[in-house]
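In what follows, every heavy atom counts, from backbone to side chain, and hydrogens, waters and symmetry copies are set aside.
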Amino acid sequence: MNQLRLLPSRLGAQAVRLLAPCDVQMFSWRSRSGPPATFPSSRGGGSSSYMEEMYFAWLENPQSVHKIRGHHVAQLDPLGILDADLDSFVPSDLITTIDKLAFYDLREADLDKEFQLPTTTFIGGSEHTLSLREIIRRLESTYCQHIGLEFMFINDVEQCQWIRQKFETPGVMQFSSEEKRTLLARLVRSMRFEDFLARKWSSEKRFGLEGCEVMIPALKTIIDKSSEMGIENVILGMPHRGRLNVLANVIRKDLEQIFCQFDPKLEAADEGSGDVKYHLGMYHERINRVTNRNITLSLVANPSHLEAVDPVVQGKTKAEQFYRGDAQGKKVMSILVHGDAAFAGQGVVYETFHLSDLPSYTTNGTVHVVVNNQIGFTTDPRMARSSPYPTDVARVVNAPIFHVNADDPEAVIYVCSVAAEWRNTFNKDVVVDLVCYRRRGHNEMDEPMFTQPLMYKQIHRQVPVLKKYADKLIAEGTVTLQEFEEEIAKYDRICEEAYGRSKDKKILHIKHWLDSPWPGFFNVDGEPKSMTCPATGIPEDVLTHIGDVASSVPLEDFKIHTGLSRILRGRADMTKKRTVDWALAEYMAFGSLLKEGIHVRLSGQDVERGTFSHRHHVLHDQEVDRRTCVPMNHLWPDQAPYTVCNSSLSEYGVLGFELGYAMASPNALVLWEAQFGDFHNTAQCIIDQFISTGQAKWVRHNGIVLLLPHGMEGMGPEHSSARPERFLQMSNDDSDAYPAFTEDFEVSQLYDCNWIVVNCSTPASYFHVLRRQILLPFRKPLIIFTPKSLLRHPEAKSSFDQMVSGTSFQRVIPEDGAAARTPEQVRRLIFCTGKVYYDLVKERSSQGLEGQVAITRLEQISPFPFDLVKREAEKYPGAELVWCQEEHKNMGYYDYISPRFMTILRRARPIWYVGRDPAAAPATGNRNTHLVTLKKFLDTAFNLQAFEGKTF
């Protein structure tokens with residue numbers, strides 16, 4: 001009884017009065033030898049008796065007091081020194097000892113009176129009545145032992161009843177001898193793998209799994225059960241702790257390829273930086289030995305930034321489901337492994353959970369496994385979170401949470417089996433909280449006794465789970481000591497043989513650790529099949545057809561907004577005149593790719609309409625609620641599907657999701673658009689750790705496109721800058737290396753870079769660069785600084801002539817006016833990029849300098865178009881060279897382009913800066929100041945004496 005905590009219902013007496021006139025059958029109880037008895041009388045005629053209250057609480061939620069609160073007193077900590085939850089408060093009126101029965105007019109003898117069980121409970125099995133003592137014993141056995149269940153917050157009776165049946169039914173956790181032997185063998189492999197690494201490389205960091213070895217059989221059980229229910233593809237994400245063990249014993253990576261990673265003399269065969277062994281991913285197809293079915297396992301590579309991989313895994317899972325037509329998630333699923341401190345502390349966990357039930361983001365349920373070491377790096381849980389459990393974040397999406405003592409392997413395996421069934425049955429997330437410990441410090445070189453002396457004294461005394469479980473099975477006769485020792489010797493021998501083979505490996509191939517291979521896209525060596533890119537233009541009849549659909553409503557009896565009618569008429573008028581604005585150019589790029597079988601997915605905040613109300617890819621019926629139309633999906637009968645989806649108000653989670661989506665296939669254009677480019681920095685982790693460096697670390701190509709609205713337009717410091725300087729700083733082209741201009745220079749440059757950065761000044765450029773992204777024989781991330789005011793600028797339009805067959809993306813758009821016809825008379829050549837071009841052209845015209853000042857646009861900034869810049873500079877030998885930008889000097893592009901200009905000009909001519917002065921904030925919040933600074937740098941740009949007498 002010392003573990004029993006009951007929460008009385010305060011509504012019991014009122015319920016009695018309400019139900020009595022209706023002759024509702026009461027919950028009867030009787031002595032073993034006598035007739036059914038009535039409830040004890042209410043004390044003093046006041047509040048209802050405890051038995052009445054317990055009954056009505058039970059009637060509303062059978063055994064609710066155990067189901068709701070039993071987990072608080074469950075024996076979850078294998079060390080026996082901590083509560084798994086931080087909520088230790090026990091109300092004084094809860095029964096914790098037998099002597100408190102008297103408070104409710106009950107005596108110890110009442111424990112032997114029998115009760116008829118309600119139909120909503122499963123604790124009776126085939127029995128319909130039980131004594132109160134037996135009821136309490138069975139409830140304690142279910143809810144207060146090594147499993148703690150949190151599910152009564154779920155507002156779905158069917159789901160709650162399903163969980164009750166899985167855990168309350170007597171005998172549900174009975175395992176066959178064969179199942180126990182399999183579990184023991186998996187524990188042997190999990191523990192002996194860590195022991196082997198510890199013996200061979202005692203001074204190496206490997207972030208071992210010691211203290212939670214049961215995670216390996218736990219993951220294998222989830223996979224086995226899911227395979228049994230039809231799952232064919234499992235995508236995993238996890239942190240570094242236990243990763244090598246998962247690679248070896250779950251993914252089944254060859255042991256010699258893991259062991260050779262510890263060789264400090266191993267040479268890298270792949271270009272790039274590579275990554276530490278406990279960050280690498282893996283993709284493997286094999287037969288599941290339990291179900292004898294094919295299973296594909298993919299462990300996604302990730303950085304040390306904990307939980308950052310969560311949305312990436314979900315995006316990849318969504319894409320795999322999409323390409324298989326697996327709308328219900330019956331073929332593809334994800335498993336995410338978390339640490340306790342990170343699960344509670346990292347906000348991206350919350351962001352990812354909130355994607356779980358959104359139509360264009362759901363993966364139909366994820367199994368979350370928390371390795372709950374009950375400690376962070378050195379931080380005590382009481383300092384690491386404010387919630388009772390590290391898993392409480394999962395309650396926001398009504399995910400059941402199963403806490404389990406990790407030193408009870410059979411309880412762990414049963415919980416994991418139920419978790420897999422739950423996901424398959426209800427298509428919802430579920431959390432398995434493995435309450436364990438960390439036998440060593442944060443890594444193998446760390447000393448945990450500095451900060452957790454008492455915990456680690458207990459850990460040093462702790463008997464390993466393998467020995468505990470082996471002793472149990474030996475005692476019950478399931479295995480013999482000899483069989484157990486033979487199993488250990490067998491796996492040790494496997495490890496030793498693999499270790500011997502690993503010594504023969506002298507070269508590391510990171511491509512062997514690829515988590516998302518693209519069969520058939522590259523040649524057998526993983527190289528592009530060619531180093532050419534075809535022209536990106538398309539036939540005029542295709543342009544016209546797309547324009548016609550973009551300006552129409554394909555569905556009948558569909559009433560659109562009158563303002564939208566004007567927009568569609570405008571599109572129709574442009575199509576007739578063979579011109580496009582920004583929105584129509586995008587429409588034509590997407591539509592033409594769909595015709596070619598390329599799936600297009602555009603995601604982000606408000607992308608369906610567009611932040612600036614320019615896109616309108618989803619039409620809404622003004623008279624029928626939630627009736628929509630996506631004309632892009634009505635272009636051709638056999639086209640690829642187009643997905644455009646407004647995301648949750650998240651950058652970190654959603655960009656990670658789209659990155660993962662783009663990993664799944666090279667034959668898709670996946671775009672993420674920021675509401676304003678300024679807001680991308682809340683996803684900086686994804687940009688820095690995955691997009692910028694992904695290929696260098698993991699040989700992983702990715703063609704994701706970032707659309708970042710950018711431009712100084714007087715809208716203040718948070719609605720002006722996509723921080724181009726940051727992307728350019730991380731670009732890997734060498735500013736000091738004078739390139740060799742080979743025939744395939746343009747494509748080779750793109751292949752060698754880590755990403756492509758562009759700032760298009762025309763709709764045609766935008767059209768071509770989107771199409772080039774797919775037509776290239778490889779994939780690189782593409783960063784596009786997109787316009788705001790140019791969306792409706794009368795001069796920012798392109799002719800069909802610039803988009804038809806035979807045309808291509810222009811990395812540099814040279815001057816084509818009067819200055820170009822008489823280059824020897826040009827006194828100044830201004831290089832610029834993006835929107836500022838239109839300000840410059842307008843100012844040049846107002847000053848009548850069209851023949852003396854040439855203006856050249858860099859559409860592609862990185863990799864730097866050395867060849868075309870050189871050609872332009874040589875065309876105007878007598879001209880001063882100026883770089884003009886609207887951004888502040890310490891931002892924007894100048895620090896990137898300046899040394900590259902010096903290299904290509906061999907430092908023979910200076911490149912002068914014109915733009916705003918250095919500043920801390922990217923833009924002013926004062927409209928007048930914005931206009932004053934704009935006029936100032938435009939005056940300088942066309943003051944042909946501005947740099948006389950100055951040295952560079």
Original post:
Under 6.0 Å from the six-membered ring centre of Trp582 and within 45° of its axis: does the NZ or CZ of Lys788 meet both?
Top reply: no
Original post:
Side-chain donor-acceptor pair under 3.5 Å between Asn667 and His599, yes or no?
Top reply: no
Subject >> Over-ring placement of Arg601 relative to Tyr361, 6.0 Å and 45° cut-offs >> reply: yes
Original post:
Distance only, no hydrogens: is a donor on one side chain within 3.5 Å (strictly under) of an acceptor on the other, for Ser761 and Glu859?
Top reply: yes
Subject >> side-chain contact (heavy atoms from CB on, under 4.5 Å) between Val332 and Ile231, worked out >> reply: CA-CA 6 Å; Val332 183; Ile231 290 293; 5.9 Å; no
Subject >> No-hydrogen, no-angle side-chain donor-acceptor test under 3.5 Å, Ser304 and His279 >> reply: yes
Original post:
Out of curiosity, Leu649 CG to His354 NE2, how far, rounded to the nearest 0.5 Å?
Top reply: 12.0 Å
Subject >> Gln729 atom CD: more than 12 heavy-atom contacts under 6.0 Å >> reply: no
Original post:
Where do Phe690 and Trp698 land on the ring pair (Phe, Tyr, Trp, His ring centres under 6.0 Å) test, with the steps shown first?
Top reply: CA-CA 9 Å; Phe690 290 89; Trp698 308 315; 5.7 Å; yes
Original post:
Between Asp867 and Arg811, is a salt bridge (Lys or Arg N to Asp or Glu O under 4.0 Å) present by the stated rule, with each step listed?
Top reply: CA-CA 10 Å; Asp867 52 337; Arg811 292 173 292 149; 2.9 Å; yes
**OP:** Examine the side chains of Ser731 and Ser862 and answer whether a donor and an acceptor come within less than 3.5 Å of each other.
**Re:** yes
Original post:
Do you see a donor-acceptor pair shorter than 3.5 Å between the side chains of His616 and Tyr587?
Top reply: no
**OP:** Salt-bridge test for Arg723 and Glu887: reply yes if a basic N is under 4.0 Å from a carboxylate O, no otherwise.
**Re:** no
**OP:** Look at Glu232 together with Lys330 and state whether they make a salt bridge at an N to O cut-off of under 4.0 Å.
**Re:** no
**OP:** Rounded to the nearest 0.5 Å, what's the gap from CZ on Phe866 to CD on Gln749? Could you check?
**Re:** 7.0 Å
Original post:
With no hydrogens and no angle check, do the side chains of Asn523 and Glu527 hold a donor and an acceptor under 3.5 Å apart?
Top reply: no
Original post:
Among side-chain atoms of Thr366 and Gln314, is any donor-acceptor pair under 3.5 angstrom?
Top reply: yes
Original post:
With a 3.5 Å cut-off and no angle check, do the side chains of Tyr283 and Ser516 form a donor-acceptor pair?
Top reply: no
**OP:** Show the numbers, then the answer: is there a side-chain contact (heavy atoms from CB on, under 4.5 Å) between Ile704 and Leu655?
**Re:** CA-CA 10 Å; Ile704 190 169; Leu655 179 55; 3.9 Å; yes
Original post:
Got a sec, which pairs hit side chain to side chain donor-acceptor pair (under 3.5 Å) with one end in residues 775-787, sequence neighbours left out?
Top reply: Gln695-Lys780
Original post:
Does a donor on one side chain and an acceptor on the other come within less than 3.5 Å for Asn646 and Arg609?
Top reply: no
**OP:** Give a yes-or-no answer on whether the side chains of Asp744 and Tyr751 include a donor-acceptor pair shorter than 3.5 Å.
**Re:** no
Original post:
When you check the side-chain N and O atoms of Gln605 and Glu651, is any donor under 3.5 Å from an acceptor?
Top reply: yes
Original post:
Is Asp515 salt-bridged to Arg700, going by a charged N under 4.0 Å from an acidic O?
Top reply: yes
Subject >> salt_bridge(Lys835, Glu886) N-O dist < 4.0 Å >> reply: yes
**OP:** Indicate whether the side chain of Ser789 and that of Glu713 have a donor and an acceptor atom separated by less than 3.5 Å.
**Re:** yes
Subject >> Atom OH of Tyr350: over 12 foreign heavy atoms under 6.0 Å >> reply: no
Original post:
Is any NZ, NE, NH1 or NH2 atom of the basic residue among Glu320 and Lys318 found under 4.0 Å from an Asp or Glu carboxylate oxygen of the other?
Top reply: no
